[in-house]
Amino acid sequence: MGEKGSGVKVGVLDTGIDYNHPDLKDVYKGGRNYVEGNEYKSPRAADDPYETNPDERPDNVPEERNGSEYWTTHGTHVAGTIAAQGNNEHGVVGVAPNVQLYAYRVLGAYGSGYTNWIVSGIEDAVKDGMDVINLSLGNGSPEEAQANSFAVNNAMLLGTVAVSATGNSGPNRSTVGGPASGAIGIGVGNTTLPELKYYANVTLESGDYKKELKDVLFMTYTMNENPADQLSDTEEVVAVPNVGKVEDFKGLDVKDKVALIQRGDIPFVEKVQNAKEQGAKGVIIYNSESGSGAPGPTGLFLGKSFHYVPTLDVGYTDGKEFKEAIDKNKEGKVTFHSFKDEVSGGDKMNDSSSRGPSKPNFDIKPDVSAPGTNILSTVPVFKAFDENMDYTYAFAEYTGTSMATPHVAGIAALILELNPDYTPFDVKSALSNTAKLLDTSTFDVFDQGAGLVQPYRASTTDSLLKVNHETEMDGTVHEHTRGTMSFGKIQSGESKTKELFIENNSGSSVNYNIEIEMLSDVGIDLKASETSVSTADNASVEFTIDAPEDTPDGTEVQGYIHVKSDHGDYSVPFAALIGDDAGGESIKKVELQDLHISPNDDGVQDETVLDLEFGQPQSYALVSYFNLLDPKSGPDNDGYEGTIDFLFLPELKNQLPITGDMYNIVDEKRVPGKIDDGVYTVDVLSIDGQSQLNSEFDGPLFVKRKATEITEAKVVDGNLDLTVDDLYINALPKLKELYGLDYDPNLFVKGKVKLSNGEEELTGNGQFTKEGKFNFDQKFDTAYHLTIDFADAAGNSKTYEYTVNPAENDVKEGHHELPNEPAPEPDPEPEPGDDEGEFEGEVVSFDPNNYDELFVNGRSDVVADLSEYNSVAVELDSNALNTLSKLKKNKSLTFDLGSYGVKFNVDNFNELKGYDNVYVVLERFESDGLSDQLKVKLIGESNGAAEEVSQLNSNFVVLLESPKQKVNVLNVNSGEQLKGNGLFNKKSGQLELKTKEFSAYVVVEQ
């Protein structure tokens, strides 16, 4: 046809645009920025709509939130679908590459934004004279009456074609979100395209295990590559533990091998990218036990990308058996016998595409549909990730109604170029009248709307079919036309008539034949006043639905009106609801995985996870801390201390980290903060599609950063009296008073005691009272040393030492010389390892200046990789100790022996900086326990003299590999067993034992 959108102004309201991209820079004409707040290092100019850049992130703002990266790429991808110039080797060219492209940055970090930003962007785009605006954004509310929908409606009424994405919460009914839920704008659904898929016949082998699999799908593969050319006939396979997170690859060599990974927890593409970053040339993903398709493969095809490697889709049973064989035999391989490819059929509605109807008027949404599955388009390049700013591979496939919408925006530009006198409502009718109906036995009116847009027919049609419609906004009724016939709700015993207007712009008389396709089989038909009309100008036909008296509420009537002529065939979808429909469940699940956290950045139970599940789409959800101990606290004196997260268009299933972080809005600005130690519920408030407020909570959540403290120790009549301070005890009176909640504090906090009088030793467990006392039965009549070890359910621990003399009613802190106890012989000056034979490991000097992560904001735990050693002595000289003593509080340094190690913090280094040299000695031995034995020693040197340091005043962390969570840790030197509950880190598969004592440790059964 030759038209490419010349002279048409198109505004993209999104996350911004990389206006330096070679495929966009020549067509980009300007833009606006609305994003502001304290999630950015500095304010952005009002005329700079560049994507959110990773360099803009402040230190206190996370890199990821709810699965979305801080930086954004979405708007650039959308813009490329509309206007990419074709300056690439990948065949990427926009639908209308000659438009004048403008960008309105209304979404910021993580791809989120506020309604007022979006509404302001729409208003300015209209004022700026945009002919078309694209809104690949939205919320979860199917309500027609909401601010962003009204803004889109007004844009159409003022002469700007407004095209919006319906959302990605399908395939359930009424999952369309605003602004696409508005009655006047154009809402777009997502269809599939024909796609090239690859399959292989393979054999999985390990030891005696051998399994042949036929026609295994490559769920991903590399852009512009054939898996057969990338993979050898036989490839070595490495089984990755857990689910393929970054930390799961620790200690594994997958370079130029195939990684075997199980489905779960993180997206498939993240597993593939993690493996690729570790050098893997291929991946096998096997299904989870409860995953879709189980026990067979997932059956999912995720498309191709420059960031993917060939990835096979294998069933749960086969994958699990293969992994078990590799774990047993320490090796595995996959043999590729043959490959084949096929092109899958397209023209289907993507399951994720949100469906209509909108509410409350049972309106038809989407209006039309367009390709939005695995769409290749432009993405930005950030200097933080690529110093060379190379755009060669700055293209990616994305999926969603966000990708379908710019196809329609581009086609609207083509229509306007050819038909400059068209109103937005003419464009809307042209798009829907000429659309291609997909399989109506599978996809009904609320799945596909009028069908799949047809660019050529929509741009060149000489007939327009229109239906008059009235839309009320803020008390004012607006009349307009559309290409869909929505009867809304009809009460039983009533009838309703709509008129279809046919505009013939061909200049000659045309005969139009009317046919009705009923998709509903409920005994109610749509009746036409005429079956055929001829006109050289305009004509109209009336259509009526009669609802019998006994029609049940919720009965749907829907289908398509087909208008056929020698100039082409057209269609108009119709729908009606008899009576009223019923609502559904809103919040299904609010559940904390752990009710005890200590968010003090020590790596032990710093956070828990909230499992949040909705029974139907929600417009938004607010997750907050409610103070059980003070229901009148918080900024508004209502008990709500702060917001954990605010979710626009939340998924039906969500997992939110509960880390103690929160924020409040002060003077319209987001002010971050930390929740104080206390007892809380985590409350969820949400608005559903019926604009109903829903609420649910879980708790009590104990936030406790401090271990038990002994506030007073005294001896009265020869008996030791200990008064303690602990949240589990302190909170009890108020919890009982306000909520009737009572419990035994000994369920959550434990105290172990050891008494020694120089000749005999007694051990046991003490008991806490609700009055704040700590008692134990063990005692001596003579003077003795007392050691008390406290540990609680939130992962805190602390040790106290006393010297007690009952006869003198005296107690002193620390272990002092007992009466008549001979002075101990001075220990010989130790060397690394000389207590049990010569130390046979390497001595390695550590220079902190070689670890930039220690001194920059970001990652808190910095790891010194010593995994090549089983035994090593790490030397820290005075310069190193002085440097490490100045680290930020949130920094820690781990000396890692491969799943075993020790983690020190700034408090530890401040204790040690008085030495000239320090040796951290780590020795790993095989043991009869559940793990290897790790011996941790520390030698300090001053003025040429060495001493072994038995313990520190502040806790450090010993890391031990553990096969499971419910285990104990044995202190080999003392013989004491420490309960491992609450110490297990699911991400690393390690127990993280907080201790002050240098000793040998091993994991044992409980």
**Message:** Looking only at the side chains, is there a donor atom on one of His74 and Ser402 sitting less than 3.5 Å from an acceptor on the other?
**Reply:** yes
**Message:** Assess, by modelled atom type and distance only, whether the side chains of Ser540 and Glu499 contain a donor and an acceptor separated by less than 3.5 Å.
**Reply:** yes
**Message:** Is a donor from one side chain sitting under 3.5 angstrom from an acceptor on the other, for Ser136 and Asn134?
**Reply:** yes
**Message:** Testing the 3.5 Å rule here: is there a donor-acceptor pair between the side chains of Asn433 and Ser463?
**Reply:** no
**Set of side chain to side chain contact (heavy atoms under 4.5 Å, CB included) partners for Asp131, sequence neighbours left out** = Val8, Lys9, Leu416
**Message:** Once side chain to side chain donor-acceptor pair (under 3.5 Å) is applied, what residue pairs with a partner in residues 112-126 remain, sequence neighbours excluded?
**Reply:** Tyr34-Asp124
**Item:** Side-chain (Gln454) to main-chain (Leu452) donor-acceptor, under 3.5 angstrom
**Value:** yes
**Request:** Say whether, by atom type as modelled, one donor and one acceptor occur between the side chain of Thr643 and the main chain of Asp645 under 3.5 angstrom.
**Result:** no
**Message:** I'd like to check Asn468 versus Phe501 (side-chain heavy atoms, cut-off strictly below 4.5 Å). Are they in contact?
**Reply:** yes
**Complete:** Here the pair of heavy atoms bringing Gly372 nearest to Met403 is O-CB, 3.7 Å
**Complete:** Residues passing the side chain to side chain contact (heavy atoms under 4.5 Å, CB included) test with Thr497, sequence neighbours excluded, are Glu542, Thr544
**Residues Lys365 and Asp367 bridged, charged N to O under 4.0 Å** = yes
**N/O donor-acceptor pair under 3.5 Å between Ser354 side chain and Gly167 backbone** = yes
**Prompt:** Restricting to pairs with a member in residues 152-162, which pass side chain to side chain donor-acceptor pair (under 3.5 Å), not counting sequence neighbours?
**Reply:** none
**Request:** Quick one: pull up CE in Met485 and CD1 in Ile561 and give me the separation to the nearest 0.5 Å.
**Result:** 4.0 Å
**Request:** Classify the side-chain pair Ser169/Thr175 by whether it contains a donor and acceptor separated by less than 3.5 Å.
**Result:** no
**Asked** Tell me, do Leu157 and His478 make a side-chain contact under 4.5 Å, heavy atoms counted?
**Response** yes
**Item:** Side chain to side chain, Phe150 and Val119, heavy atoms closer than 4.5 Å
**Value:** no
**Item:** Heavy-atom side-chain contact between Val10 and Tyr102 under 4.5 Å
**Value:** no
**Pairs where residues 156-177 contributes a residue and the test ring-ring contact (aromatic ring centres under 6.0 Å, His included) is met, not counting sequence neighbours** = none
**Request:** Evaluate the salt bridge (Lys or Arg N to Asp or Glu O under 4.0 Å) criterion for residues Glu613 and Lys588: first the C-alpha distance (whole Å), next the side-chain angles of each, then the deciding distance (0.1 Å), finally the verdict.
**Result:** CA-CA 5 Å; Glu613 184 175 349; Lys588 291 181 66 175; 3.6 Å; yes
**Request:** Kindly compute the distance separating CE (Met130) from CG (Leu158), expressed to the nearest 0.5 Å.
**Result:** 14.5 Å
**Listed partners of Tyr663 passing side chain to side chain donor-acceptor pair (under 3.5 Å), at least two apart** = none
**Message:** Is there a salt bridge (Lys or Arg N to Asp or Glu O under 4.0 Å) between Arg32 and Asp47? Walk through the geometry before answering.
**Reply:** CA-CA 4 Å; Arg32 297 176 183 264; Asp47 62 352; over 6 Å; no
**Asked** Without hydrogens or angle criteria, can the side chains of Ser506 and Asn504 be said to hold a donor-acceptor pair below 3.5 Å?
**Response** yes
**Item:** Asp683 and Tyr640: side chain donor to acceptor below 3.5 Å
**Value:** yes
**Prompt:** Counting only N and O atoms by type, is there a donor-acceptor contact under 3.5 Å from the side chain of Glu417 to the main-chain atoms of Gly5?
**Reply:** yes
**Asked** Just wondering, do Leu431 and Ile415 contact through their side chains at under 4.5 Å, heavy atoms?
**Response** yes
**Request:** Answer yes or no: is there a side-chain heavy-atom contact under 4.5 Å between Tyr104 and Asn33?
**Result:** no
**Request:** Work out which heavy atom in Ala79 is nearest to a heavy atom in Leu101; give both atom names and the distance.
**Result:** CB-CD2, 4.0 Å
**Asked** So, do Leu577 and Ile490 sit near enough that their side-chain heavy atoms are less than 4.5 Å apart?
**Response** no
**Prompt:** When rounded to the nearest 0.5 angstrom, what is the spacing between CD in Gln146 and OG in Ser181?
**Reply:** 4.0 Å
**Asked** salt bridge (charged side-chain N to carboxylate O under 4.0 Å, His left out): which pairs involve residues 145-158, sequence neighbours left out?
**Response** none
**Message:** Please tell me whether Thr373 and Asn350 have a donor and an acceptor in their side chains that are separated by less than 3.5 angstrom.
**Reply:** yes
**Request:** State, without any angle test, whether Thr401 and Ser353 hold a side-chain donor-acceptor pair at a distance under 3.5 Å.
**Result:** no
**Message:** What's the separation between atom CZ in Phe574 and atom OH in Tyr560, rounded to the nearest 0.5 Å?
**Reply:** 10.0 Å
**Prompt:** How far apart are the closest heavy atoms of Ile364 and Pro573, and which atoms are they?
**Reply:** CD1-O, 3.6 Å
**Request:** Test Arg457 against Asp569 for salt bridge (Lys or Arg N to Asp or Glu O under 4.0 Å), laying out the working first.
**Result:** CA-CA 10 Å; Arg457 284 210 63 210; Asp569 296 340; over 6 Å; no
**Asked** Looking at CG of Leu500 and CG of Leu465, how far apart are the two atoms once the value is rounded to the nearest 0.5 Å?
**Response** 4.5 Å
**Prompt:** Taking only residues at least two apart or on different chains, which pairs with a member in residues 433-453 satisfy salt bridge (charged side-chain N to carboxylate O under 4.0 Å, His left out)?
**Reply:** Arg173-Asp444, Asp347-Lys436, Arg355-Asp447
**Complete:** Rounded to the nearest 0.5 angstrom, the CG-CG distance for Leu135 and Leu13 is 5.0 Å
**Complete:** Correct closest heavy-atom pair for Ala539 and Val533 would be CB-CG2, 4.2 Å
**Prompt:** Minimum heavy-atom separation for Thr72 to Gly108, with atom names?
**Reply:** CG2-O, 3.2 Å
**Request:** Enumerate the residue pairs fulfilling salt bridge (charged side-chain N to carboxylate O under 4.0 Å, His left out) with a member in residues 459-472, sequence neighbours excluded, ordered by first and then second residue.
**Result:** Asp426-Lys466, Lys466-Glu503
**Message:** Is there a ring pair (Phe, Tyr, Trp, His ring centres under 6.0 Å) between Phe648 and Phe646? Walk through the geometry before answering.
**Reply:** CA-CA 7 Å; Phe648 283 102; Phe646 185 78; 5.0 Å; yes
**Request:** Can you sort out the partners of Glu515 under salt bridge (charged side-chain N to carboxylate O under 4.0 Å, His left out), two or more places apart, ordered by chain and number?
**Result:** Lys564
**Message:** Under 3.5 Å, is there a donor on one side chain and an acceptor on the other for Asp363 and Ser486?
**Reply:** yes
**Message:** Please enumerate all residues that pass side chain to side chain contact (heavy atoms under 4.5 Å, CB included) together with Lys527, with sequence neighbours excluded.
**Reply:** Asp546
**Prompt:** Quick one: ring-ring contact (aromatic ring centres under 6.0 Å, His included) pairs with a partner in residues 399-425, sequence neighbours left out?
**Reply:** Phe425-His480
**Item:** Shortest non-hydrogen contact from Pro548 toward Ser492
**Value:** O-CB, 3.3 Å
**Message:** For His562 and Glu517, which I'm curious about, is there any donor-acceptor pair between the side chains at under 3.5 Å?
**Reply:** yes
**Asked** Are the side chains of Val78 and Thr405 in touch, meaning some heavy atoms are under 4.5 Å apart?
**Response** no
